[in-house]
Protein chains: 2
Amino acid sequence: MDDVLRRAALFAALDDDQAAELRASMTEVTLARGESLFHEGDPGDRLYVVVEGKVKLHRASPDGRENMLAVLGPSEMIGELSLFDPGPRTATATALTEVKLLGLGHGDLLPLLHARPEVSIALLRAIARRLRRTNDVMSDLVFSDVPGRVAKALLDLSRRFGVPSDEGIHVAHDLTQEELAQLVGASRETVNKALADFAGRGWLKLEARAVVLMDVERLSRRSR
Amino acid sequence: MDDVLRRAALFAALDDDQAAELRASMTEVTLARGESLFHEGDPGDRLYVVVEGKVKLHRASPDGRENMLAVLGPSEMIGELSLFDPGPRTATATALTEVKLLGLGHGDLLPLLHARPEVSIALLRAIARRLRRTNDVMSDLVFSDVPGRVAKALLDLSRRFGVPSDEGIHVAHDLTQEELAQLVGASRETVNKALADFAGRGWLKLEARAVVLMDVERLSRRSR
DNA sequence: CTCCTCATATGATCGGAGTGACATGCGTCA
DNA sequence: TGACGCATGTCACTCCGATCATATGAGGAG
């Protein structure tokens, strides 16, 4: 059984056989960068688990500006909200890289939840953790300035997607600066300035859709 | 059985007998305005349901400023996060009015979740809804200016706590302007200006810890 | 290999909103 | 009932960050 799936909340409480059975009942979806899994307003009764790649969850304001709620990677869940609390999708999910997902419909999940309470409990934990993260992001929007939020976002991405290298922690976030700006709720220009400033101080090195963090300590201090 | 409790997610899936039994296993807590139920950092293994009154969930930044995550009223749940995703409390809960709550410990909840999967499912729905609301608030922080956020907050409070009167919808929010400012992530002065402006236009009337909404249509338009 | 387009970089300008400083109002408690 | 303390109302001043404008660079399509 796939290691990535075993780390997903949906599979956490199941033994190997049960996990294999659940996996068999899920349908595979593949997207190229830029393609959307679903759009804000769509009817939603399907949940997905990321197997490979990254997906962004985002919304548009009436006047066309974009805000990114989250970047989701392997083992993470997308679209649960419309399943647990029935209703249309309140955000759009778009692939940041080539991405592979497994989808599960409402009709297949409910029996599982009734049959195996541990699964519900694992999902409660997962969604509680998400709510905590979201609350943290909200506090940052209120308390921190843009450079602080950029530093925080990079550290967060580094914890989740970073790999150590000889120069520092290499973080292939797959976000354009425009997207990074949407993630921290600021303009592209301001984010660019913050990044350039950090790079100038030697705290990090900029690469295409990636950064190398070289002084996590300073960045971390700047983020508070 | 109390009507307020029957509307709480925790009780939604139970029949009268089961609800009465659950209620009996919960301990009553009473607080006066200003008293805290728990503080950020406290170990947390208890969940509460508001029976009467209002409670605010808030956090302090390192430099002492405050941010309010939510105002919770009757039937709503507080402190679930530390229960579902074990860990210290990530916010402080403080009474906005005299308040009556019922508390349930981790040790009493888990057996219930295992025995009655419908309870978990109801809780998943409740927390999913909370996450949706939080995402909405986050988008507003990014997209709307302060007057817009104030209008939005008042409309939200009115939907939850408003009662129709001959002049308009009377909303006893029990928040000082300082607290309202913390709720929308702005300074007291700016919120005061927005309120004075709305009042000057005849959209609402200011009262002590309350407002009377007289032109919901305009306020609603201003909030978008 | 060469455009063309999209991403990145950087400066100039402007405005919303925070800060600080007061004045006023009002509820509550001795 | 008087007075203190907290909440509210309103300035002037400053500044962060959005917006506009304009390079420069780099990857893809032909």
Side-chain angles (χ1 to χ4, degrees), chain A residues 32-34 56 61 63-67 94 96-98 140-154 172-201 204-212 222, chain B residues 32-34 56 61 63-68 94 96-98 140-154 172-201 204-212 222-223:
Chain A
R33 169 164 171 102
K56 63 173 173 178
S61 76
D63 62 13
R65 288 184 307 156
E66 289 265 335
N67 174 221
T94 302
L96 284 171
T97 64
E98 200 160 289
D140 288 337
L141 274 176
V142 173
F143 292 138
S144 310
D145 61 5
V146 173
R149 301 207 296 274
V150 170
K152 178 91 105 186
L154 292 179
H173 50 62
D174 294 304
L175 300 168
T176 63
Q177 292 187 356
E178 174 74 49
E179 288 171 323
L180 192 53
Q182 291 165 4
L183 181 61
V184 302
S187 72
R188 205 207 84 242
E189 291 89 332
T190 308
V191 168
N192 176 279
K193 255 170 268 199
L195 288 173
D197 179 55
F198 293 161
R201 293 169 189 269
L204 54 77
K205 225 177 60 165
L206 292 175
E207 297 186 359
R209 283 175 191 171
V211 289
V212 183
R222 183 59 181 85
Chain B
R33 168 164 172 100
K56 64 173 174 177
S61 76
D63 61 13
R65 289 184 306 156
E66 288 266 336
N67 173 220
M68 199 181 302
T94 303
L96 284 172
T97 64
E98 199 159 290
D140 288 337
L141 274 176
V142 172
F143 292 139
S144 309
D145 60 6
V146 173
R149 301 207 297 273
V150 169
K152 177 91 104 186
L154 291 179
H173 50 62
D174 295 305
L175 299 168
T176 64
Q177 292 187 356
E178 174 73 48
E179 287 170 324
L180 192 53
Q182 291 165 3
L183 181 60
V184 303
S187 72
R188 205 208 87 237
E189 291 86 335
T190 308
V191 168
N192 177 279
K193 242 172 281 190
L195 288 173
D197 179 56
F198 293 160
R201 294 168 188 270
L204 54 78
K205 224 177 61 167
L206 292 175
E207 297 186 357
R209 282 173 193 175
V211 290
V212 184
R222 182 60 181 83
S223 78

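Letters A, B, ... are given to chains in the order of the sequence lines, protein chains preceding strands, and every chain is numbered from 1.
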Using whole Å, what does the distance between atom [atom2] of nucleotide [N] and atom [atom1] of [X] come to?
X        : N      : atom1 : atom2 : result
A:Leu206 : C:dT10 : CG    : C1'   : 14 Å
A:Lys193 : C:dA7  : NZ    : P     : 19 Å
B:Phe143 : C:dG16 : CZ    : P     : 19 Å
A:Phe198 : C:dT10 : CZ    : C1'   : 17 Å
A:Asp63  : D:dT19 : CG    : C1'   : 13 Å
B:Arg65  : C:dG18 : CZ    : C1'   : 9 Å
A:Leu175 : C:dA7  : CG    : P     : 12 Å

Would you mind checking if A:Arg33 and A:Glu98 are paired as a salt bridge, meaning a charged N to carboxylate O distance below 4.0 Å?
no
A:Arg201 and A:Asp197 ion-paired at < 4.0 Å
yes
Let me have DNA chain D in dot-bracket notation, would you? Count Watson-Crick plus G-U wobble pairs, both distances under 3.5 Å, and use [ ] for pairs crossing earlier ones and | for inter-strand partners.
||||||||||||||||||||||||||||||
Protein N or O to nucleotides 3-5 of chain C N or O, pairs below 3.5 Å:
none

Output side-chain donor-acceptor pairs under 3.5 Å for residues 183-190 of chain B, partner residues at least two apart or in another chain, one line each.
| unit_1 | atom_1 | unit_2 | atom_2 | d |
| --- | --- | --- | --- | --- |
| B:Ser187 | OG | B:Thr190 | N | 3.3 |
| B:Ser187 | OG | B:Thr190 | OG1 | 2.9 |

Can you see if the side chain of A:Thr190 gets near the phosphate of D:dA18 - specifically, an N or O under 4.0 Å from OP1 or OP2?
yes
Check this one for me: any side-chain N or O of B:Asn192 less than 4.0 Å away from OP1 or OP2 of D:dT8?
no
Sequence-distant partners of A:Arg209, side chain to side chain donor-acceptor pair (under 3.5 Å), two or more places apart
none
Under 4.0 angstrom, heavy atoms only, what part of the nucleic acid is [X] near: base, sugar-phosphate, or nothing?
X        : answer
A:Leu195 : nothing
B:Ser187 : base
B:Asp145 : sugar-phosphate

Look up atom OG1 in A:Thr94 and atom CD in A:Glu179, then write down how far apart they are to the nearest 0.5 Å.
9.0 Å
Between B:Gln182 and B:Asn67, does any side-chain donor sit less than 3.5 Å from a side-chain acceptor?
no
Decide yes or no for A:Lys205 and A:Glu207: does some side-chain heavy atom of the first lie under 4.5 Å from some side-chain heavy atom of the second?
yes
Between the protein and nucleotides 21-30 of chain C, which nitrogen or oxygen pairs come in under 3.5 angstrom?
none

Does anything in residues 140-149 of chain B form a side-chain hydrogen bond (donor to acceptor under 3.5 Å, both in side chains)? List the pairs, not counting sequence neighbours.
B:Asp145-B:Arg222
